[in-house]
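Scroll down for the structure; my scribbles are underneath it.
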Amino acid sequence: MKTTSVHKTSVRKASAKENSGRRIAWRMLLALGGMAALAVPAAGPAQAASRTADEAGRAGRCVVVYFDLGETLVHTAEDKSVRYLPGAAEYLRALRARHIPVGLITNVPSSWGSTDAERAAELKKVIDKDWAGGTPFAWSDFGDRIFTPRTESERKPAPALWKRAKKAAGPCRVVYQAETSEEAQMGSSLGYFSYQVDRPGWPAFLPVRMITALSHLPYGNTASVKGS
């Protein structure tokens, strides 16, 4: 009886700690939205329309969202077929609607090409060949922002891909979303706002309104949102 009681107490304490961690993280995210609202002065439609993407970039008020690919945006089934993970297509569509650029930081064999463009072209062939989803993968959203290893030593978890992607983003803030805490932590250590996707009790992806808020925050934000 004592052993059972101690076990139940430990479980309750662990659950309370996890819930507390979630509350703290979400308060931080809500604070980001509030800070963004304070940081952005009100503007009329004409004034807002005159602000170009280039101006936003020079002001540092922009954000680029990078993803891992496998088990973050797409899933490979036992029969080798590939399709979007639940909610991924809709999430990319929401980012697209807000003109938020996206990119990939993903491992592929370095032998697939001598440039990122060549390796990306081979990656597209491999994914498209086994694609089983009704909606095609949104390759056009990613443009030339698909970063892959030039050598085997650059494969994640080595920091090279994150560094190259961050440099390509210029003055914009960078977000990184992946399915493992290890990759999220690596991104955070290199200056990304990192989010681990598909965690029980959490949004599948970092909410779009939070990403929008990030583009208006003062520089220096390298937070990583974790569940505990």
Side-chain angles (χ1 to χ4, degrees), residues 53-54 56-57 60-75 82 84-85 87-110 112-128 135-150 154-180 182-198 204-208 210-215 221-225:
D54 286 343
R61 295 186 182 278
C62 55
V63 62
V64 179
V65 181
Y66 289 103
F67 299 89
D68 181 37
L69 181 59
E71 304 311 317
T72 297
L73 291 176
V74 304
H75 170 68
V82 183
Y84 277 119
L85 281 165
E90 295 79 5
Y91 186 70
L92 290 176
R93 192 179 305 125
L95 293 173
R96 186 187 316 134
R98 290 161 179 78
H99 306 289
I100 297 173
V102 296
L104 293 175
I105 299 175
T106 189
N107 284 335
V108 303
S110 58
W112 278 7
S114 59
T115 66
D116 278 320
E118 290 178 358
R119 292 186 296 273
E122 189 63 26
L123 174 63
K124 293 174 186 178
K125 291 179 184 177
V126 170
I127 296 296
D128 291 347
T135 302
F137 189 78
W139 291 112
S140 60
D141 288 3
F142 296 88
D144 60 358
R145 295 177 298 274
I146 301 178
F147 294 89
T148 53
R150 294 172 294 193
E154 281 193 354
R155 292 178 66 85
K156 295 183 296 182
L161 298 185
W162 283 285
K163 290 181 177 180
R164 287 168 50 206
K166 187 179 181 185
K167 183 178 180 180
C172 297
R173 294 190 173 280
V174 283
V175 171
Y176 182 66
Q177 303 193 56
E179 83 278 14
T180 68
E182 291 77 15
E183 287 205 6
Q185 289 165 6
M186 175 59 78
S188 180
S189 72
L190 294 169
Y192 287 74
F193 189 101
S194 293
Y195 187 82
Q196 185 180 349
V197 306
D198 199 28
F205 299 97
L206 184 65
V208 174
M210 299 303 177
I211 292 174
T212 303
L214 284 173
S215 67
N221 175 36
T222 58
S224 176
V225 180

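With contacts defined as side-chain heavy-atom distances shorter than 4.5 Å, the pair Asp141/Leu95 does not qualify. Contact check for Lys156 versus Met186: no side-chain heavy atoms found under the 4.5 Å cut-off. When side chains are defined from C-beta on, Leu190 does not count as touching Tyr176, because their heavy atoms never get closer than 4.5 Å. For the pair Ser194 and Val175, the minimum side-chain heavy-atom distance is 4.5 Å or more. Annotation: side chain of Leu73 is in contact with side chain of Leu104 (closest heavy-atom distance under 4.5 Å).
Of the possible donor and acceptor atoms, one in the side chain of Thr212 sits under 3.5 Å from a partner among the backbone N and O of Val208. The backbone N or O of Val102 sits less than 3.5 Å from a side-chain atom of Arg145, completing a donor-acceptor pair. A donor-acceptor pair under 3.5 Å is absent between the side-chain atoms of Arg98 and the main chain of Arg93, judged by distance alone. Within the 3.5 Å criterion, the main-chain N or O of Ala178 finds no donor-acceptor partner in the side chain of Thr72. In this structure, the side chain of Tyr192 engages the main chain of Trp162 through a donor-acceptor pair within 3.5 Å.
Scored by the side chain to side chain donor-acceptor pair (under 3.5 Å) test, Ser110 finds Glu152 as partners (sequence neighbours excluded). Residues satisfying the salt bridge (charged side-chain N to carboxylate O under 4.0 Å, His left out) test with Asp128, not counting sequence neighbours, are none. With sequence neighbours left out, the ring-ring contact (aromatic ring centres under 6.0 Å, His included) criterion links Trp112 to no other residue. Not counting sequence neighbours, the partners of Arg164 by the side chain to side chain donor-acceptor pair (under 3.5 Å) test are Asp116, Glu154. The side chain to side chain donor-acceptor pair (under 3.5 Å) check on Glu122 picks up nothing, with sequence neighbours excluded. Residues passing the side chain to side chain donor-acceptor pair (under 3.5 Å) test with Tyr91, sequence neighbours excluded: Gln177.
The distance from atom CG of Asp198 to atom CD of Glu71, rounded to the nearest 0.5 Å, is 9.0 Å. To the nearest 0.5 angstrom, Arg155 atom CZ is 14.5 Å from Arg150 atom CZ. Separating the CD atom in Glu118 from the OG1 atom in Thr148 is a distance of 10.0 Å, to the nearest 0.5 Å. Interatomic distance, CG of Leu69 versus CZ of Phe142, reported as 7.5 Å (0.5 Å rounding).
Residues Pro171 and Cys62 share a closest heavy-atom pair of C-SG, 4.4 Å. What you find for Tyr195 and Ala204 is that their closest heavy atoms are CE2-O, 4.2 Å. Of all non-hydrogen atoms in Leu85 and His75, the two that sit nearest each other are CD2-CB, 3.5 Å. Here the closest non-hydrogen pair linking Arg119 and Ser114 is NH1-C, 3.5 Å. In this structure, Pro149 and Leu161 approach most closely via the heavy-atom pair N-CD2, 3.7 Å. When all heavy atoms of Val174 and Gly191 are compared, the pair lying nearest together is CG2-O, 3.9 Å.
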task = Evaluate side chain to side chain contact (heavy atoms under 4.5 Å, CB included) for Asp68 paired with Val197, printing each intermediate quantity in order.
result = CA-CA 10 Å; Asp68 181 37; Val197 306; over 6 Å; no

Steps toward side chain to side chain contact (heavy atoms under 4.5 Å, CB included) verdict (Val82, Phe137) = CA-CA 10 Å; Val82 183; Phe137 189 78; over 6 Å; no

query = Under the side chain to side chain contact (heavy atoms under 4.5 Å, CB included) criterion, do Gln196 and Gln185 qualify, and how do the steps go?
reply = CA-CA 9 Å; Gln196 185 180 349; Gln185 289 165 6; over 6 Å; no

request  = Apply side chain to side chain contact (heavy atoms under 4.5 Å, CB included) to the pair Lys124 and Ile146, showing each step before the final yes or no.
outcome  = CA-CA 11 Å; Lys124 293 174 186 178; Ile146 301 178; 4.3 Å; yes

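A perpendicular orientation is assigned to the rings of Phe205 and Phe67, their planes being inclined by more than 60° (bins at 30° and 60°).
With hydrogens and angles left out, the side-chain atoms of Tyr84 and Glu90 include no donor and acceptor closer than 3.5 Å.
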